Amino acid sequence: MSEVVWPPGMQVFERGWVSSNNIFFADVDADADADTGAGAKGATLVDTGYGAHAAQTQALVAHALTSSSLSSLTRIINTHTHSDHIGGNAALARAYPSVEIHVPVGEADVLRTWDDAALHLSVMGQECEPFSFHQTFDRDDLFRLGGTEWRVLASPGHDMESLMLYCEEYRLLISADALWEHGFGVIFPALELSNTVKTIGGTGSSAHASFHAQRATLDLIASLDIAQVIPGHGAPFTDVNSALARANARIDGFIADPSRNDRNALKVTLAFLLMLEGRLPLASLPERLAGLPMAQILNARLFAYEPGALANFLCQELIKARAAKIDGEYLVVA
Amino acid sequence: MSVSIGSTSAPVPSPCKGVCRMSADGQVCTGCFRAIDEIAAWSRADDAFKRAVWAKLPAREARYAEPV
């Protein structure tokens, strides 16, 4: 892994599973004065983590700026608009008022109207401070980051409008939640959580279409020459073929039985809550789950468990997945 | 796998627990007890660095951990 070369000025802040990773670039050649060649160096951050973690995100950015002899963050690029990828935008825009926020073109309307349902906020019990964006970007656009060129690739599936960044020169892919080392993000469009879920080109059921879109995204990744993937969550990884094989098996399983995606999403609702709070009193779980519409919708569809039975079931599932353990009267992160 | 949480190919795992809030004095994260420069460097650090950081964590936890 140490043989992988990154562009000068690139840093990856590996953040865990509540916040997305953040990729920092010191854009040493951006906006340099054409006459004097001096000044106006820029810095870009790709994805900004979850809102509750914004102070640490800001501290990481400040540290990176100092180490690069830069004074300000000048650009934010969001791969998609889930709260674990855009949550630091508002705080960073306050700290660096000149920052320009770039969002995928397909997410612009959802952001302009701050569509809570389409952003999956209340439904997952998530919070996100609203922000104003400045630019949209789309597939095939080019960004210059860390002195090299990154091409924007579409990656529908986890989110139909999500975009990835590919650097041919260094053979790096910023995959967001389209590909992790072990899997990929919940296929949200297939959950059909609300009427505002975007329809996909009239190709029939949105579950079917979004699963096939995810598979096409994996095929696109397989067609690229990649030394290392910088995923939205987890450590950067080099064994791309193995990750793709796992992801393909997973999406094939969803296509064969779409309820698998629902079951995974139901577990994720509790896993997210647990990671955000660190520990949850076991006795509080039925009530906490009752406050998460996504858990209620999916439970009604899959099991129709009573509140206590749902809490027990999800505890067992997270323990089985080694994501949680029991500590006295608490469920805690494993 | 059913829920993809915390997997990594690195031989030395990340200490991140998803808490990601700094201590009142700004010195360490109150979840993993790493300093900002250690979090920033982690994704590119070698195993020796990571083990050295891990070794420092218990003492910091004892100093910073708040009673629950």
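Keep in mind it's a predicted model, so treat the numbers as computed, not measured. Convention: sequence-line order gives letters A, B, ...; per-chain numbering from 1.
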Participant: Pick one of side chain, backbone, both or neither for A/Ala55, based on which atoms fall under 4.5 Å of a heavy atom in chain B.
Facilitator: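 Contact with chain B is absent: no heavy atom of A/Ala55 under 4.5 Å.
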Participant: Which heavy atom in A/Val4 sits nearest to a heavy atom in B/Arg44, and how many Å separate them?
Facilitator: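 Heavy atoms only, the tightest pair is O-NH2, 2.8 Å.
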Participant: Answer with side chain, backbone, both or neither: which region of B/Cys32 has an atom nearer than 4.5 Å to a non-hydrogen atom of chain A?
Facilitator: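 Looking at B/Cys32, nothing touches chain A.
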Participant: Is it the case that over 12 heavy atoms from other parts of the model lie below 6.0 angstrom from the OH atom of A/Tyr330?
Facilitator: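 At most 12 heavy atoms, drawn from other residues, nucleotides or ligands, come within 6.0 Å of this atom.
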Participant: So which of A/Arg263, A/His63, A/Arg15, A/His233 has the biggest tally of heavy-atom pairs under 4.5 Å with chain B?
Facilitator: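 If we count pairs closer than 4.5 Å to chain B, A/His63 comes out on top.
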Participant: Please report the shortest heavy-atom distance between A/Gln56 and B/Met22, naming the atom on each side.
Facilitator: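 For A/Gln56 versus B/Met22, the nearest heavy atoms are NE2-SD, 3.2 Å.
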Participant: Distance from A/Leu60 atom CG to B/Ile39 atom CD1, nearest 0.5 Å?
Facilitator: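 It comes to 5.5 Å.
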Participant: Tell me if the CZ atom of B/Arg21 is crowded by more than 12 foreign heavy atoms within 6.0 Å.
Facilitator: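 Yes - once you tally the heavy atoms of other residues, nucleotides and ligands closer than 6.0 Å, there are more than 12.
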Participant: Please flag which part of A/Arg246 lies under 4.5 Å from any non-hydrogen atom of chain B: side chain, backbone, both or neither.
Facilitator: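 Nothing of A/Arg246, per the 4.5 Å heavy-atom cut-off to chain B.
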Participant: Examine whether an atom of B/Cys20 lies under 4.5 Å from a heavy atom of chain A, and if so say whether it belongs to the side chain, the backbone or both; otherwise answer neither.
Facilitator: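 Backbone plus side chain of B/Cys20, per the 4.5 Å heavy-atom cut-off to chain A.
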Participant: Is the backbone of A/Glu14 close enough, under 3.5 Å, to the side chain of B/Ser43 for a donor and an acceptor to pair up by distance?
Facilitator: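 No; judged by distance alone, with no hydrogens or angles, the pair does not exist.
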Participant: What part of A/Ala52 lies closer than 4.5 angstrom to a heavy atom of chain B: side chain, backbone, both or neither?
Facilitator: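 Interface part for A/Ala52: both.
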